[in-house]
Colleague: 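Take a look at this one; I'll ask things after.
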Number of protein chains: 2
Amino acid sequence: MPRSYASLPRLYVEPDLALGGAVALQKEQSLYLAAVLRKVVGDEVVLFNGRDGAWRTRLTSDSKKSVTLEVVEQVAAQTPPSELWYGFAPLKTERLDYVIQKATEMGAGIIQPVLTRYTQVSRLKHDRLVANAIEASEQCEVLTVPVVAPETTLEKLLSTWGAEQGDRQLILADESEASASPVEQVAALRGQKVGLLIGPEGGFSEEERQVLRAQAFVTPVSLGPRILRADTAAVAGLALIQAIIGDWR
Amino acid sequence: MPRSYASLPRLYVEPDLALGGAVALQKEQSLYLAAVLRKVVGDEVVLFNGRDGAWRTRLTSDSKKSVTLEVVEQVAAQTPPSELWYGFAPLKTERLDYVIQKATEMGAGIIQPVLTRYTQVSRLKHDRLVANAIEASEQCEVLTVPVVAPETTLEKLLSTWGAEQGDRQLILADESEASASPVEQVAALRGQKVGLLIGPEGGFSEEERQVLRAQAFVTPVSLGPRILRADTAAVAGLALIQAIIGDWR
């Protein structure tokens, strides 16, 4: 997005976006633009919907109940959705929000909560996770909001992996792995669809670890000699993948 | 640290640590162990001081005013302090704490707040930053607490770089850089002392960016096509450095 649009508010919407079209925002976004950001008729906002790229739009109504916008100019062409899969054992509320935001920021395309033996959270507010992914996409200029999948168990994830994920390779952040070089391990997966799985704060159980490591599609990697919190490991692991075989080049 | 010690509380202390020695904790740590963690005589704690490795110790007094511990067994040999330098434009309070924690977790050895034109914070509570670095070291099993340097300005940092840092190379996370591959750029610095500099939320000013890029010791790298928040960029950039030329291998 050219620098002149970088400072405009950026909102995710459902409707189609095309030159000259009009978009009526729903109540919550209308209130946000009109009351919180105090936008008035003539002000500009960038909209995206995950299909049509990002568009500069202009307010034609500033009602707090229903802001409408005229679609003026495409400022970014649509990019294909990210194929990068990110699985994680959900954390408690605030840090869970944080993990969703960070995964979105780092370019994950599919975000999959996975319940493990030591996971301390069992029921998730799916709507809240989706809202977090949308908000992060708005802020970090992602053009396709990542899909947040409903939670599953580790057992089910592994037993349905081939059917659901095809030949996707799974990079497992494993504290017990004494790998020579995570860089070479990740580089060896170049050209394949990949995922990253981060365990819960308490780690995987010994049984879970053995089952995971026994899968042909799993590559255990070490994220260094220090103990990383799960949210740090998410960013670090996704950075490694994006830099070596992802979209950082 | 063997798994059996991993669950013990871990505290940073000033005194020397040697087999059979005794350590009297100061008031705040005594209160923490005795009142918060409810440790009693005979319970075990791991202590480290940045010089003598980590030691298993045992409470010989559980007074809330002054816990004393007997040094029982070394559980980790001292590692050399990390040479990795991390500079960042300070953020507002909560996210500032977070950045210090994450830099420590990722193995930075020197943490340098740098005031830039668009930095929104000018005076830092140095004690608070040090406390955060200590707490993060305790949690992530770092054996040497990183040094938190007093804040400086970008101008002063650059004008004294050679005198203070010798031949250290500075990796600059630069959104405007259209680099081919951050992996190759970082790999090219193998064997040299390096630092990572992350700008403020508003980015560097155009003038600052030009001055930075004009320095022979600066390597601008791109951290991908998305807008990363400063705290995310810290973890991502440090992960890249540690994985490619640092201690992840």
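Fair warning: this is a prediction, and the values are worked out from it, not measured in the lab. A note on names: the letters A, B, ... follow the listed sequences, proteins ahead of strands, and every chain is numbered from 1.
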Colleague: Surrounding CD of A/Glu28 (heavy atoms of other residues, nucleotides or ligands, distance under 6.0 Å), is the total greater than 12?
Modeller: no
Colleague: Using 0.5 Å steps for rounding, measure from the CD atom of B/Glu184 to the CD1 atom of A/Ile244.
Modeller: 11.0 Å
Colleague: Quick one: what part of A/Leu223 sits under 4.5 Å from any heavy atom of chain B, side chain, backbone, both or neither?
Modeller: both
Colleague: Which answer fits A/Gln242, side chain, backbone, both or neither, if we ask what part of it has an atom under 4.5 Å from a heavy atom of chain B?
Modeller: side chain
Colleague: For B/Tyr32, does the OH atom have more than 12 heavy-atom neighbours from other residues, nucleotides or ligands under 6.0 Å away?
Modeller: no
Colleague: On a heavy-atom basis, which atom in A/Pro225 and which in B/Asp247 lie closest, and how many Å separate them?
Modeller: CD-O, 3.3 Å
Colleague: Please rank A/Thr79, A/Val142, A/Asp231 by heavy-atom pairs under 4.5 Å with chain B and give me the top one.
Modeller: A/Asp231
Colleague: Which region of B/Leu143, side chain (C-beta onward) or backbone (N, CA, C, O), has a non-hydrogen atom less than 4.5 Å from a non-hydrogen atom of chain A, or is it both or neither?
Modeller: neither
Colleague: Is the backbone of A/Cys140 close enough, under 3.5 Å, to the side chain of B/Arg226 for a donor and an acceptor to pair up by distance?
Modeller: no
Colleague: What part of A/Leu240 is in contact with chain B, defined as an atom under 4.5 angstrom from a non-hydrogen atom: side chain, backbone, both or neither?
Modeller: side chain
Colleague: Taking every non-hydrogen pair under 4.5 Å, which of B/Gly246, B/Ala239, B/Ala236 racks up the most with chain A?
Modeller: B/Ala236
Colleague: Should the heavy atoms of other residues, nucleotides or ligands under 6.0 Å from CD of B/Glu206 be counted, would the total exceed 12?
Modeller: yes
Colleague: Give a yes or no on whether B/Arg38 atom CZ has more than 12 heavy-atom contacts from other residues, nucleotides or ligands under 6.0 Å away.
Modeller: no
Colleague: Answer yes or no: does atom CZ of B/Arg168 have more than 12 heavy-atom neighbours from other residues, nucleotides or ligands under 6.0 Å?
Modeller: yes
Colleague: Is there a side-chain contact between A/Trp248 and B/Val221 (heavy atoms, below 4.5 Å)?
Modeller: no
Colleague: Please say whether more than 12 non-hydrogen atoms of neighbouring residues, nucleotides or ligands are located less than 6.0 Å from CD in A/Gln215.
Modeller: yes
Colleague: With a 4.5 angstrom heavy-atom cut-off, is it the side chain or the backbone of A/Ser137 that approaches chain B, or both, or neither?
Modeller: neither
Colleague: Report which part of B/Ser82 has an atom under 4.5 Å of a heavy atom belonging to chain A: side chain, backbone, both, or neither.
Modeller: neither
Colleague: Specify the closest pair of heavy atoms between A/Met106 and B/Thr232, including all atoms of both residues, with the distance to one decimal.
Modeller: SD-CG2, 3.7 Å
Colleague: Check B/Val183 against A/Ala243 and note the closest heavy-atom contact, atom names and distance.
Modeller: CG2-O, 3.2 Å
Colleague: Does CD in B/Glu73 sit with more than 12 non-hydrogen atoms of other residues, nucleotides or ligands closer than 6.0 Å?
Modeller: yes
